[in-house]
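Here's the structure, in structure tokens; my notes come after.
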There are 2 protein chains.
Amino acid sequence: MSKDDRAVARERIIESMEQSAEVYGLSRSAGRIYGVLYFSKEPLSIPDLVEETGYAKSTISNVTRTLTRIGLIHRRSSEGGGRRVHYSAEREIWIILQDVFQQYIQREVQTTLRTIQRAQAQLPDDNETELERIEELRETYEDFQEIVTLASNLTAAELREALESYER
Amino acid sequence: MSKDDRAVARERIIESMEQSAEVYGLSRSAGRIYGVLYFSKEPLSIPDLVEETGYAKSTISNVTRTLTRIGLIHRRSSEGGGRRVHYSAEREIWIILQDVFQQYIQREVQTTLRTIQRAQAQLPDDNETELERIEELRETYEDFQEIVTLASNLTAAELREALESYER
DNA sequence: TCGTTTGTTCGGAGTGTACCGAACAAACTG
DNA sequence: CAGTTTGTTCGGTACACTCCGAACAAACGA
């Protein structure tokens with residue numbers, strides 16, 4: 001109801017975002033900065049963010065760079081065309097997750113799969129435990145790759161529907 | 001072909017596992033220990049692992065505990081029933097991933113969702129940007145939760161099939 | 001032009017984490 | 001029973017990471 005209550009609710013959610021940030025391998029400051037931008041009506045400059053978050057200017061500068069690189073926030077040169085830069089949050093969280101998936105998981109699965117395939121190519125089939133293990137791994141990773149590729153072409157709603165409508 | 005070549009291939013894959021371990025928030029040593037166990041014909045004791053990996057006994061002890069807790073490896077008291085303990089790798093990687101999902105992602109999504117719902121309950125509807133933002137968030141997280149729940153009941157093959165057979 | 005504002009870069013302090021070696025507890029083997 | 005082997009616990013070191021403040025570069029306004 002009161003302005004205070006709303007601020008408290010907002011603060012709780014931002015704290016939750018700080019925690020989520022850690023899970024995804026980012027710093028707490030990244031979570032807070034994203035959170036503040038998420039709730040802000042208009043894009044914020046670096047001094048604004050310093051004011052809102054209490055972090056040092058340099059911290060804001062560094063964190064906004066990585067957040068921009070990942071795609072969690074967007075960087076806009078202000079209307080005036082001047083040096084001043086404004087940041088806004090990407091609010092389509094599904095898109096963010098897909099990007100993270102693309103960058104981390106998929107890349108990681110792909111390089112692993114390549115390693116496995118190369119290792120396999122170098123080995124003749126003289127039937128040993130090791131070779132079976134490697135073959136096992138390859139199949140699993142091929143499944144992963146396919147799943148990730150397919151999932152990253154769907155929206156959250158579509159993915160949900162795909163799973164809900166699936167009959168075993 | 002030669003024993004050496006096979007060792008090199010194995011080493012490459014284990015290095016790749018070290019890297020994957022970091023992505024999943026574990027230490028490099030955890031990746032290597034899992035890798036060695038993955039390729040081992042029979043379960044290994046802590047001294048065996050010291051010999052194979054070069055890590056200190058204490059490191060092996062600590063890391064095996066966390067790996068066991070997560071479910072990546074299994075701990076077996078040896079046949080003799082004595083004090084000696086043997087470890088073997090869980091080779092169904094999909095099961096591992098599901099567990100990690102369950103433990104990290106789902107828990108995190110759930111607590112966030114609870115926070116949002118609580119925040120929402122405290123606020124009346126006096127139509128502000130912030131309220132819309134929170135509502136937006138809630139819907140997204142509800143989708144996530146549903147997706148994660150559904151996916152964690154499927155095997156990799158089933159999930160793959162569900163996605164492949166989905167028509168937009 | 002000079003002072004002010006904005007953003008980046010750099011070095012450093014504080015903190016957490018991975019790993020090690022030593023000390024210890026528990027069980028086996030002679 | 002001593003001596004050995006196995007596993008855990010504890011303190012310490014090395015290293016990476018987060019964040020800060022200061023110095024700097026670039027653009028603005030007087």
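Within every chain, numbering begins at 1; the chains are lettered A, B, ... in the order of the sequence lines, protein sequences first and strands thereafter. Quantities reported herein were computed from a predicted structural model and do not represent experimental measurements.
Salt bridge Arg133(A)/Glu130(A): absent, no basic N to carboxylate O contact under 4.0 Å.
With a 6.0 Å cutoff to the six-membered ring centre and a 45° limit on the axis angle, Arg76(A) does not count as a cation-pi contact of Tyr87(A). Arg91(A) forms a cation-pi arrangement with Tyr38(A), by the criterion of a distance under 6.0 Å to the ring centre and an angle within 45° of the ring axis.
One interatomic measurement links the two molecules: CG of Leu49(A) to P of dC19(D), which rounds to 14 Å at whole-angstrom precision. Distance, Leu67(A) CG to dG7(C) C1': 16 Å, rounded to whole Å. Summarising the geometry, the separation between CZ on Arg69(B) and P on dT8(D) is reported as 14 Å, rounded to the nearest angstrom. Summarising the geometry, the separation between NE2 on His86(B) and C1' on dT6(D) is reported as 10 Å, rounded to the nearest angstrom.
For Arg84(B) and dA26(C), the shortest distance from a side-chain N or O to OP1 or OP2 is not below 4.0 Å.
Inspection of the Thr140(A) and Asp143(A) side chains reveals no N or O donor paired with an N or O acceptor under 3.5 Å.
Here the side chains of Arg10(A) and Ile13(A) are not in contact, with every heavy-atom distance at 4.5 Å or above.
For Glu146(A), the CD atom is densely surrounded, since the number of other residues' heavy atoms within 6.0 Å is greater than 12.
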Between the protein and nucleotides 15-22 of chain C, list every N/O to N/O distance that falls short of 3.5 Å.
{"unit_1": "dC19(C)", "atom_1": "OP1", "unit_2": "Ser29(B)", "atom_2": "N", "d": "3.3"}
{"unit_1": "dC19(C)", "atom_1": "OP1", "unit_2": "Ser29(B)", "atom_2": "OG", "d": "3.4"}
{"unit_1": "dC19(C)", "atom_1": "OP2", "unit_2": "Ser27(B)", "atom_2": "OG", "d": "3.3"}
{"unit_1": "dC19(C)", "atom_1": "OP2", "unit_2": "Ser29(B)", "atom_2": "OG", "d": "2.2"}
{"unit_1": "dC20(C)", "atom_1": "OP2", "unit_2": "Ala56(B)", "atom_2": "N", "d": "2.8"}
{"unit_1": "dC20(C)", "atom_1": "OP2", "unit_2": "Thr59(B)", "atom_2": "OG1", "d": "2.6"}
{"unit_1": "dG21(C)", "atom_1": "N7", "unit_2": "Ser58(B)", "atom_2": "OG", "d": "3.3"}
{"unit_1": "dG21(C)", "atom_1": "O6", "unit_2": "Ser58(B)", "atom_2": "OG", "d": "2.8"}

